Amino acid sequence: MNNNTRVRFAPSPTGPLHMGGVRTALYNYLYAKQRGGTFILRIEDTDSQRFVEGAENYIIEALEWCGITPDEGVQNGEIVTSPSEKHPHAPYRQSMRKDLYKEYAVQLVEKGHAYYAFDSSEELEKLRKEAEAKGESFTYNHKIRETLNNSLSHTSDETIKILSERNDWVIRYKMPQDQNIEMYDMIRGKIDVNSSTLDDKVIWKASDSLPTYHLANVVDDFLMQITDVIRGEEWLPSLPLHYMLYESLGWKEERPSFAHLSLLLKPDGKGKLSKRDGDRLGFPVFPLEWKNQQGDRSGGYREDGYYPEAFINMLAFLGWNPGTEKEIFSLEELVQSFSIERVVKSGAKFNPEKAKWYNQEYIRKKEISQLVQEFKPILEEKGIKCSDQYTAEAISLIRDRIAFVHEIWDLCDYLFTPPNSYDPKVKAKFWKEDIPVHIEELKNHLSSVEDFSKENIEALLPAYIKEKGWPMGKIMNSLRLLLVGESKGPGIADIISLLGKEETIARLEKKI
RNA sequence: GGUCCGUUCGUCUAACGGUUAGGACUCAAGAUUUUCAUUCUUGCAAUAGGGGUUCGAUUCCCCUACGGACUACCA
């Protein structure tokens with residue numbers, strides 16, 4: 001147990017949180033909670049171009065719905081601007097921390113680990129095009145940096161002059177040459193990269209006085225005393241840079257441990273899971289529904305009727321397993337059992353069927369009374385009035401066959417309203433010859449019955465039919481046809497008992 | 001193209017270097033339910049290919065193939 005463990009989930013507010021992002025947040029949360037540590041939510045909004053209105057609140061709300069609430073960090077609706085006991089490192093939105101990054105970038109320049117670069121985007125674009133034309137790719141690195149427009153190729157006087165005259169310069173990290181960078185990933189183990197294969201990344205830009213992700217990330221992780229970084233696989237290629245930044249900044253000892261999670265892949269075909277796959281295959285990709293500026297809606301697990309527990313459980317098992325055969329885990333159980341070492345290295349294709357299965361498992365564990373409350377709005381919408389007691393009995397008859405509350409109505413509408421049509425196939429098969437006469441007689445017999453309990457009906461019905469010598473199958477199925485309208489549903493005695501004497505007789509009288 | 005990561009049933013995955021390679025989802029069959037579903041039972045189905053190391057390789061190493069990520073003054 002190390003209650004000094006501090007992890008962060010650091011999304012960019014460029015749109016709704018993808019389910020893969022939720023999984024990353026979840027693993028961070030589980031890792032922290034298991035160690036009695038702190039889970040921090042930080043917003044990485046250093047790219048003003050891609051900022052999307054509402055995205056930050058979406059992220060907060062989504063995490064809230066999932067039950068993975070941050071201990072520290074940005075709060076819903078509340079702007080934490082200055083440090084407090086609960087939020088000692090506030091603010092947690094990088095755009096609000098912009099002033100603090102420059103000094104570290106400048107410090108790197110002074111130590112000789114970085115330099116000012118004055119190349120315009122146009123110039124760089126041109127160089128890229130030229131390289132491409134030759135079948136090569138342009139890389140701003142140790143081989144050519146001395147020949148480009150930067151403080152390495154200018155005298156310090158020239159540099160000072162340009163710096164004061166222009167505001168479109170950047171600071172680039174000066175990646176050392178031919179240095180073996182030995183890294184360790186908690187999931188993948190040892191990883192080696194030679195620094196010569198890396199380029200000189202921009203770490204700070206004068207145009208908006210903002211750092212790029214790499215610097216902001218490393219500085220904030222250091223300042224916020226992050227001990228473990230668990231993030232997506234897309235960051236693995238920049239891990240060497242991050243290692244070097246820690247080293248150059250003199251924070252080697254404080255460098256956190258890293259774990260890179262594999263991506264969530266689309267269910268069919270190849271590639272990573274995207275919003276389009278959800279639209280195409282009919283499943284949500286986002287935890288909550290999202291409406292973009294154009295008014296397009298993207299479905300959410302919440303709106304589709306998933307329980308957050310089921311969603312979280314499903315997500316946890318996409319790339320992790322406890323090593324036992326137990327598959328249903330509450331959030332608390334996940335906290336107990338999670339281990340970063342058991343996270344799978346390879347990417348996981350998302351399986352919507354399995355997601356449904358999880359929800360089905362959870363719906364079976366719900367209290368009937370809760371299902372009643374969830375179903376009531378649907379009943380009201382249909383204009384049905386009945387007691388909670390009745391609804392509870394109806395739901396308990398069919399609860400083992402649903403995966404979602406919204407499936408209840410289609411499965412047992414006949415328990416709330418008489419059938420308005422009769423399945424012709426079933427009718428053709430069973431509704432023959434003298435059946436109507438028998439049903440009439442049966443109806444009259446039921447009129448004289450007082451006890452409509454399931455047990456009594458179950459015993460009485462077959463006994464009566466047998467006694468009369470009528471064809472059992474035809475009568476039973478015809479009875480079901482009149483009561484239900486088709487060939488489906490719970491036991492006929494259950495249905496008759498629930499409908500009650502009056503309603504049962506009424507439906508039989510309606511005939512065909 | 002370059003760098004890095006990965007590869008066990010259709011899918012998610014398990015397996016101190018020694019297992020009839022296990023489980024779950026899906027699918028199929030049977031039983032039960034005088035319907036449908038549930039439930040239960042059974043079945044189908046995998047170590048990418050090739051080399052090593054080893055008494056023995058899914059497991060360790062190398063090569064190939066395939067997949068993925070990254071390769072921005074985006075994160």
Side-chain angles (χ1 to χ4, degrees), chain A residues 10-14 44-47 49-50 94 117 119-121 124-125 128 131-132 135-140 168-172 183 185 187-188 191-194 196-199 201-208 210-214 216-217 231-240 260 262-263 265 267-268 270-272 314 317-327 342 344-358 360 364 398-402 411 423 426 429-430 461-462 465 471-477 479-481 484 486-492 495:
Chain A
S12 203
T14 53
E44 310 226 327
D45 54 351
T46 50
D47 183 1
Q49 302 293 313
R50 297 206 309 157
Q94 289 182 331
D119 321 84
S120 68
S121 326
L124 292 174
E125 193 52 37
R128 270 191 201 99
E132 210 173 301
E136 293 163 8
S137 59
F138 170 79
T139 313
Y140 207 122
D168 60 345
W169 48 269
V170 300
I171 296 179
R172 283 182 185 269
M183 299 161 290
D185 180 285
I187 297 167
R188 293 153 206 275
I191 299 167
D192 289 287
V193 173
N194 186 294
S196 291
T197 64
L198 274 17
D199 61 346
K201 284 270 181 271
V202 169
I203 56 174
W204 197 84
K205 32 204 170 101
S207 58
D208 54 9
L210 244 26
T212 61
Y213 169 81
H214 305 291
N217 192 264
R231 68 209 324 185
E233 191 180 46
E234 66 270 29
W235 297 111
L236 200 46
S238 45
L239 184 59
H260 292 85
S262 62
L263 266 23
L265 275 14
D268 60 341
K270 307 170 188 321
K272 63 175 176 180
M314 177 274 291
F317 271 70
L318 227 43
W320 172 84
N321 72 81
T324 66
E325 281 174 8
K326 181 172 154 74
E327 285 195 276
R342 289 199 71 89
V344 177
K345 295 183 183 75
S346 52
K349 277 189 182 176
F350 172 63
N351 182 193
E353 289 295 332
K354 189 89 187 212
K356 267 180 87 169
W357 175 80
Y358 271 107
Q360 185 169 16
R364 287 178 181 189
I398 50 93
R399 82 113 119 237
D400 277 350
R401 44 183 94 192
I402 55 168
L411 228 41
D423 187 332
V426 181
K429 196 171 173 192
F430 301 110
L461 212 49
I465 296 167
M472 185 70 79
K474 285 199 182 75
I475 296 293
M476 291 297 266
N477 282 291
L479 205 48
R480 175 178 294 278
L481 181 66
V484 175
E486 53 187 307
S487 180
K488 70 169 188 184
I492 201 82
I495 296 175

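Quick note on labels: first sequence line is chain A, next is B, and so on, each numbered from 1. Computed from a predicted model, the values in this text were never measured in an experiment.
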Exercise for the section: Would you classify A/Pro490 as touching base, sugar-phosphate or nothing, given that sugar-phosphate means primed atoms plus P, OP1 and OP2, and contacts are heavy atoms under 4.0 Å? Expected result: base
Completion exercise
pair_partner(B/U33), Watson-Crick or wobble, both distances < 3.5 Å, evaluates to none
Exercise for the section: Starting at atom CG of A/Leu210, determine the distance to atom C1' of B/A72, rounded to an integer number of angstrom. Expected result: 15 Å
Practice task
For B/C70, give its Watson-Crick or G-U wobble partner with both distances under 3.5 Å, or none.
Solution key: B/G2
Problem - Candidates B/A14, B/A75, B/G6 - which lies nearest the side chain of A/Val344 - result: B/A14
Exercise for the section: Indicate, with a heavy-atom threshold strictly under 4.0 Å, whether A/Phe317 touches base, sugar-phosphate, or nothing. Expected result: sugar-phosphate
Exercise for the section: Name the nucleic acid region contacted by A/Thr14, choosing base, sugar-phosphate or nothing; use a 4.0 angstrom heavy-atom cut-off, strictly under. Expected result: nothing
Handout entry: A/Leu481 and A/Glu486, any side-chain heavy atoms less than 4.5 Å apart
Key = no
Practice task
Mind checking A/Asp119 for me? I need base, sugar-phosphate or nothing, with any heavy atom below 4.0 Å counting as a touch.
Solution key: base
Practice task
Can you see which heavy atom on A/Lys205 is nearest to which on A/Pro211, and at what distance?
Solution key: CE-O, 3.9 Å
Practice task
Before accepting this row, confirm whether a basic side-chain N of the pair A/Glu233/A/Arg188 lies closer than 4.0 Å to the acidic partner's carboxylate O.
Solution key: yes
Handout entry: Nearest-angstrom distance, P atom, B/C16 to B/G1
Key = 37 Å
Exercise for the section: Check whether more than 12 heavy atoms from other residues, nucleotides or ligands sit under 6.0 Å from atom NZ of A/Lys488, and answer yes or no. Expected result: yes
Exercise for the section: Between B/U54 and B/C62, how far apart are the C1' atoms? Round to whole Å, please. Expected result: 16 Å
Exercise for the section: Describe the nucleic acid contact of A/Trp169 in one word from base, sugar-phosphate, nothing, applying a heavy-atom distance below 4.0 Å. Expected result: nothing
Practice task
Would you tell me if any nitrogen or oxygen in the side chain of A/Arg128 comes within less than 4.0 Å of OP1 or OP2 on B/G1?
Solution key: no
Completion exercise
For A/Ala206, the side-chain contact (heavy atoms from CB on, under 4.5 Å) test, sequence neighbours excluded, returns A/Trp169, A/Trp204
Completion exercise
With the side chain defined as heavy atoms from C-beta on, A/Thr212 is closest, among B/A69, B/C73, B/A14, to B/C73
Practice task
With heavy atoms under 4.0 Å as the rule, sort A/Gly323 into base, sugar-phosphate or nothing.
Solution key: nothing
Practice task
Nearest whole angstrom, please: distance from the C1' of B/U3 to the CE of A/Met183.
Solution key: 10 Å
Fill in the blank from the handout: Taking a pair to mean Watson-Crick or G-U wobble geometry with both distances below 3.5 Å, B/U19 pairs with none
Practice task
With the side chain of A/Arg364 defined as its heavy atoms from C-beta on, choose the nearest nucleotide among B/A69, B/G6, B/U39.
Solution key: B/U39
Completion exercise
By the Watson-Crick or G-U definition, both distances under 3.5 Å, B/A65 is matched with B/U7
Exercise for the section: Taking atom C1' in both B/C9 and B/C5, compute the distance separating them and give it to the nearest angstrom. Expected result: 24 Å
Problem - Student check: side-chain heavy atoms of A/Lys201 and A/Thr212 closer than 4.5 Å - result: no
Practice task
Tell me yes or no: between the side chains of A/Arg231 and A/His260, is some donor less than 3.5 Å from an acceptor?
Solution key: yes
Exercise for the section: Looking only at side-chain atoms of A/Asn321, point me to the closest of B/A69, B/A75, B/A14. Expected result: B/A14
Handout entry: Whole-Å P distance, B/C25 and B/U32
Key = 23 Å
Exercise for the section: Between A/Ile187 and A/Asp208, just flag the one whose closest nucleotide in RNA chain B comes earlier from the 5' side. Expected result: A/Ile187
Exercise for the section: Taking side-chain contact (heavy atoms from CB on, under 4.5 Å) as the test, write out the residues that go with A/Asn351, two or more places apart. Expected result: A/Glu353, A/Lys354
Problem - Atom-to-atom span, NZ of A/Lys345 to C1' of B/U59 - whole angstrom - result: 11 Å
Practice task
Classify the nucleic acid contact of A/Asp45 as base, sugar-phosphate or nothing, counting any heavy atom under 4.0 Å across all strands shown.
Solution key: nothing
Completion exercise
Residue pair A/Phe138/A/Gly319 against RNA chain B: nearer the 5' end by closest nucleotide is A/Gly319
Practice task
Starting at atom CD of A/Gln49, determine the distance to atom P of B/C74, rounded to an integer number of angstrom.
Solution key: 8 Å
Handout entry: Spacing of the P atoms in B/A29 and B/C36 (rounded, Å)
Key = 13 Å
Handout entry: Integer-rounded Å distance: B/U11 C1' and A/Lys356 NZ
Key = 16 Å
Problem - Nearest-angstrom distance from the residue atom NE2 of A/His260 to C1' of B/C4 - result: 11 Å
Handout entry: B/A21 to B/A31 separation - P atoms, rounded to the nearest Å
Key = 31 Å
Problem - Check: B/C74 base within 3.5 Å donor-acceptor of A/Arg50 side chain - result: yes
Practice task
Kindly give the heavy-atom pair with the smallest separation between A/Thr139 and A/Asp199, and that separation in Å.
Solution key: CG2-CB, 3.4 Å
Practice task
Mind checking side chain to side chain donor-acceptor pair (under 3.5 Å) for A/Asp268 and listing every partner two or more places apart, or none if nothing turns up?
Solution key: A/Arg280
Handout entry: For A/His214, all residues meeting ring pair (Phe, Tyr, Trp, His ring centres under 6.0 Å), sequence neighbours excluded
Key = A/His242
Practice task
Mind checking A/Val202 for me? I need base, sugar-phosphate or nothing, with any heavy atom below 4.0 Å counting as a touch.
Solution key: sugar-phosphate
Exercise for the section: Examine B/C73: is either OP1 or OP2 under 4.0 Å from a nitrogen or oxygen in the side chain of A/Arg172? Give yes or no. Expected result: yes
Handout entry: Options B/G1, B/U38, B/A75, nucleotide nearest the side-chain atoms of A/Asp400
Key = B/U38
Exercise for the section: Just name whichever nucleotide pairs with B/U58, Watson-Crick or G-U, keeping both distances under 3.5 Å, else none. Expected result: none
Fill in the blank from the handout: Picking from B/U7, B/A75, B/C36, the nucleotide nearest the side-chain atoms of A/Ser346 would be B/U7
Practice task
Between B/U58 and B/U47, how far apart are the P atoms? Round to whole Å, please.
Solution key: 10 Å
Handout entry: Protein-to-nucleotide contact annotation, 5' to 3' order, nucleotides 19-29 of chain B [B base; S sugar-phosphate only; - none; under 4.0 Å, heavy atom]
Key = ---SSBS----
Contacts under 3.5 Å, N or O only, protein and nucleotides 61-68 of chain B:
none

Exercise for the section: Determine, stepwise, if the pair A/Val202 / A/Tyr140 fulfils side chain to side chain contact (heavy atoms under 4.5 Å, CB included). Expected result: CA-CA 10 Å; A/Val202 169; A/Tyr140 207 122; over 6 Å; no
Exercise for the section: Answer yes or no: does atom CD of A/Glu136 have more than 12 heavy-atom neighbours from other residues, nucleotides or ligands under 6.0 Å? Expected result: yes
Practice task
Counting heavy atoms from C-beta on, name the nucleotide in B/C12, B/U38, B/U3 closest to the side chain of A/Thr197.
Solution key: B/U3
Problem - Between P of B/U3 and CG of A/Leu239, the distance in whole Å - result: 18 Å
Problem - Base B/C36 to side chain A/Arg401, donor-acceptor N/O within 3.5 Å cut-off - result: yes
Exercise for the section: Please state how far atom NZ in A/Lys349 lies from atom C1' in B/A69, giving the value in whole angstrom units. Expected result: 17 Å
Practice task
Using only heavy-atom distances, determine whether the side chains of A/Tyr213 and A/Asp47 contain a donor-acceptor pair under 3.5 Å.
Solution key: no
Handout entry: Euclidean distance for C1', B/A46 against B/U26 (whole angstrom)
Key = 16 Å
Practice task
Can you figure out which of B/C12, B/C4, B/G6 approaches the side chain of A/Ile191 most closely?
Solution key: B/C4
Practice task
Classify the nucleic acid contact of A/Arg342 as base, sugar-phosphate or nothing, counting any heavy atom under 4.0 Å across all strands shown.
Solution key: sugar-phosphate
